[in-house]
Structures are given as C-alpha cells and as structure tokens.
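A short write-up of the structure that comes next.
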Amino acid sequence: MMAASIAGQRGLRVVLIDHAEKLAEKIRISGGGRCNFTNTGTSPENFLSKNPHFCRSALAGYTPQDFLQLVREYRIGFHEKHKGQLFCDDSSESIIQMLRQECLKGQVSWRMPCSVQSIGRTQEGFVLRTSQGDLNALQVVIATGGMAIPQLGATDYALRMARHFGLKVIEPHPALVPLTFDGRDWKPFSALSGMALEVEVSTGQGKQRQAFLEDLLFTHRGLSGPGILQISSYWQSGESISVDLAPGQDIAQQLLDLKAGNRQQLVTVLSTLWPRRLVEQWLDTSDLLPKGVGQQRLADLPDRVLRAVGQVINAWQLKPSGTAGYKKAEVMSGGVDTRELNQKSMEARKVPGLFFIGEAVDVTGWLGGYNFQWAWASAAACARALKAQAGQS
C-alpha cells in the first residue's frame, strides 16, 4: 500500500494485488493491536543483512519523521512506549485506513483477494497470470513480505519469484522469535512460565558479540520476551547464549561483602534480587554449583563457591535447541540477496522493471518498529524510482 500510494500519486497507473481475504492483517495485530509503526532512533545499525550498508540510502531517503508527518496529517494519536518505539494511541486500524486513503488519492486499482499464478517476461514488460485474469505491466513490485506468521497468509512467494528470475536468495530463517530448549533439560524451568525479569542477553564473542538489555520471559518450552526475540536474530544453531540475570551488578563481590557473620541461607539472600521461586529453581538445577547450596548459610559457604554463584548468575550459559518457528516469529531473516538489487531503487539488476521491497529483501530490523520503518522506506525508494511510460505503469 505504501509503494502503491506513492506511485499512484506520482501519476502512474497502479494495480495492487493481494491474495488475502482481509487487508493488512500483519499491521492489524502488530504492537498488541496498536501498531509499533516506527522508531525515532532508526539507523542502519539497527538492521541485519549480508550487506549492512544496503539499507542506508532508503532509510536516509524516507525517515521516521517523514512517516510521522503522514500520521499527523491524518490526526492519528500516538505515543512513545520504550526506546523510541511509537505506537498508535487507539488501534492499528488507523494506520491501515491511512494507507488505504493514500491509495485512493493515487487512484490505485485493487484486486483482492486475487492470487498470482505466474509472472512472465514479455517484450514490453511482464504478464501476470492471476485468478482474475491476465494482467500486463511495464513494472512489477513484489511486496509480499516474508514467511513469518503463516496463519495470516504469509508465504515464500517473493523468494520463489526471485529464484524464478535467477536472483540469489539468502537462506531465510525465523527471526525475532522465542528460543526453545530440549524438553527434559527445560522441564524444571517450565514451572516458571510467565515469569519475567530484566536481563542482559548476549551471543557471539569479541567483535561478533551482540547484547541486549531487555526483559526475558520464561515459557513452557523455553525463553521469550523482548531480549530473547532480539538475540534470536543473531543466534546461530548450535551456539550458546549468555544471560546476565543481574545486569550491572557484581554478584560475587556482593555476596563476599555480605558474608561475614551472615546466618541467612543463600536462597534468602538471592531472593532480594529476584522472585524466590526463580532463585530456588535456578540454584537446584545448576550443574555448576554444589547440590543444596541454596540451603546453606552465607557465612558457611567458601569464597570460591560464592564466586562460582556470582559467575553463573552474571553469565548463565544456555544452549537453545531451536526456535519456535515461523508461527511465532515476528519477521523472516534473510531474503532476496541485496547484491541483486539497486540500493536506491530496489530494482533487480538482472531484470529491469522488477522490484523487491520490505521483508522480502535481506534486511531485517531489530524489535521495536524498525521493520515497519524499513517497509515504508524501501517502498518509498521503489515508488519514486518507478518510471511512467505513455501514461502506463
């Protein structure tokens, strides 16, 4: 809708084709129904890609302030929730209707629901075989997103079309997704389902290390929450993640400082930091600590044991077995290889007139409105680059 509205308002003849029964369902459910439509702190550093510089041009050409100007024109109330994340005051439906109205201004024609069986090249452009008949076009923009949330109609259509036209694809995988663990290993923690706390979660080493200070949420199958969703985009299968359960605190030193004459059990001391049931479960299941250590008095514990407790608390090592998959993922990582596209126009270098935008491209944002901003920015870059020829498009 973003690309179609801008192109239409430029005077191009635009047909928008959507296979879904309902319009913009991903927008509708986003942000808990209030659509986290952008982030004021958006920069190229908030995105993952095999070519991290690819997104710079589009993001510079259409900024969060540009989208905010449109939001204000429609008098849509919004607020900042956390770290530059902007949400609608009322409902995500406001953003959907805003985009629909922008398409009306551009006299965009709709075919919905309508599926596209094939896209072929012609001497003058392209022919689309659709469930509503053939359609000839000088240019085609593929804005079908990624595979996240297939229950809303998400598919790999963009990737299939890219391969059909000989374009390389970076292997996709679920991103911004909960992490899961082996059932037997996680069983002791499943009782903590629903518990949340702020942590620093990280993965990688040295220059490759990535860390986020966000909330973590225990689930029946593993870990979720903003911190886990963020790190999931960087986590590689077979690798561990590190969770600092007390960010900014040197727990070993604190315990050593409190030790002298302290007759409280270790579990009681640690319960001043977190909920007691988390402390008990965590101490009982740690393979790196002596059994029953939680029930011992702090004054009776050797310094080396307290240092070990602090080390494990500040760097809890966990090895996920996988992710919760596309059904629970917010986005797809990977996509059409950016080396195949012009970064200023999103046009396929090998196939003039064919464009890919948004989540279909190998540009994946952090949690917090960044992926929407990439959608708006890549759409604007593409729509401004589309050529008008003899009153057709």
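No hydrogens, no waters, no symmetry mates; every other heavy atom, side chains included, goes into these values.
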Rounded at 0.5 Å granularity, tell me how far [atom1] in [X] sits from [atom2] in [Y].
X	Y	atom1	atom2	answer
Leu341	Arg349	CG	CZ	7.5 Å
Leu223	Leu216	CG	CG	4.5 Å
Ser240	Gln317	OG	CD	6.0 Å
Leu68	Glu73	CG	CD	11.0 Å
Phe356	Cys382	CZ	SG	11.0 Å
Ile231	Leu176	CD1	CG	11.0 Å

Spell out, yes or no, whether [X] and [Y] are grouped together once hydrophobic residues are joined by side-chain heavy atoms under 4.5 Å, including indirect joins.
X	Y	answer
Phe218	Ile228	yes
Val269	Ile313	yes
Leu367	Met147	no
Val336	Phe355	yes
Leu135	Met112	yes

Counting only heavy atoms not in [X] (residues, nucleotides, ligands), do more than 12 fall under 6.0 Å from its [atom1]?
X	atom1	answer
Lys81	NZ	no
Arg129	CZ	no
Gln208	CD	no
Lys22	NZ	no
Gln107	CD	no

inquiry  = Between Asp257 and Gln253, does the side-chain hydrogen bond (donor to acceptor under 3.5 Å, both in side chains) criterion hold? Intermediate values first, please.
reply    = CA-CA 6 Å; Asp257 292 343; Gln253 190 60 53; 2.9 Å; yes
Donor-acceptor contact below 3.5 Å, side chain [X] vs main chain [Y]:
X	Y	value
Arg10	Ala383	yes
Lys105	Ser5	no
Ser193	Ser190	no
His164	Ser118	no
Gln265	Gln295	yes
Ser92	Gly33	yes
Gln210	Val201	no
Thr180	Gly322	yes
Asp18	Leu23	no

Let's go through Glu280 and Arg277 carefully: what are the C-alpha distance in whole Å and the side-chain angles of both, what is the deciding distance for salt bridge (Lys or Arg N to Asp or Glu O under 4.0 Å) to 0.1 Å, and is it a yes or a no?
CA-CA 5 Å; Glu280 291 175 340; Arg277 65 190 183 106; over 6 Å; no
Distance-only donor-acceptor check, side chains [X] and [Y], under 3.5 Å:
X	Y	answer
Tyr74	Glu102	yes
Thr42	Asn39	no
Ser43	Glu45	yes

Mind listing the closest non-hydrogen atom pair of [X] and [Y] along with its distance?
X	Y	result
Gly294	Leu283	CA-CD1, 3.7 Å
Ser57	Lys344	OG-CG, 3.6 Å
Ile119	Val116	CG1-CG1, 3.9 Å
Pro188	Asp185	CD-O, 3.4 Å
Ala3	Ile357	CB-CD1, 3.8 Å
Leu229	Pro178	CD2-N, 3.5 Å

Contacts satisfying side chain to side chain donor-acceptor pair (under 3.5 Å) that involve residues 321-338 (not counting sequence neighbours) are Asp337-Arg339
In short, side chain to side chain donor-acceptor pair (under 3.5 Å) pairs touching residues 216-236 with sequence neighbours left out are Tyr234-Trp366
Q) Would you call Arg209 and Glu200 a salt bridge, taking side-chain N to carboxylate O under 4.0 Å as the test? A) yes
Using the six-membered ring wherever Trp is involved, compare the ring planes of Trp376 and Phe67 and label them parallel, tilted or perpendicular (cut-offs 30° and 60°).
parallel
message: Does Arg28 form a side chain to side chain contact (heavy atoms under 4.5 Å, CB included) with Ile96? I'd like the steps, not just the answer.
response: CA-CA 7 Å; Arg28 195 181 314 279; Ile96 298 172; 3.9 Å; yes
Test side chain to side chain contact (heavy atoms under 4.5 Å, CB included) on Val312 and Trp282; report intermediate values, then the result. CA-CA 10 Å; Val312 179; Trp282 183 80; 3.1 Å; yes
Starting from the C-alpha separation in whole Å, work towards a yes-or-no answer on side chain to side chain contact (heavy atoms under 4.5 Å, CB included) for Phe78 and Ser94. CA-CA 10 Å; Phe78 64 89; Ser94 302; over 6 Å; no
- Take Arg56 and Gln343 through the test side chain to side chain contact (heavy atoms under 4.5 Å, CB included) and record every step on the way to the result. CA-CA 8 Å; Arg56 288 184 179 275; Gln343 65 179 356; 5.7 Å; no
Test item: [X] and [Y] side chains (from C-beta on) under 4.5 Å apart, heavy atoms:
X	Y	value
Asp156	Pro172	no
Pro44	His53	no
Leu266	Gln296	no
Thr63	Thr38	no
Pro226	Phe212	no
Leu386	Val14	no
Met1	Trp110	yes
Leu99	Ile27	yes

Do Trp316 and Phe189 make the cut of ring centroids closer than 6.0 angstrom?
yes
Can you check whether Tyr370 and Trp374 have ring centres sitting under 6.0 Å from each other? no
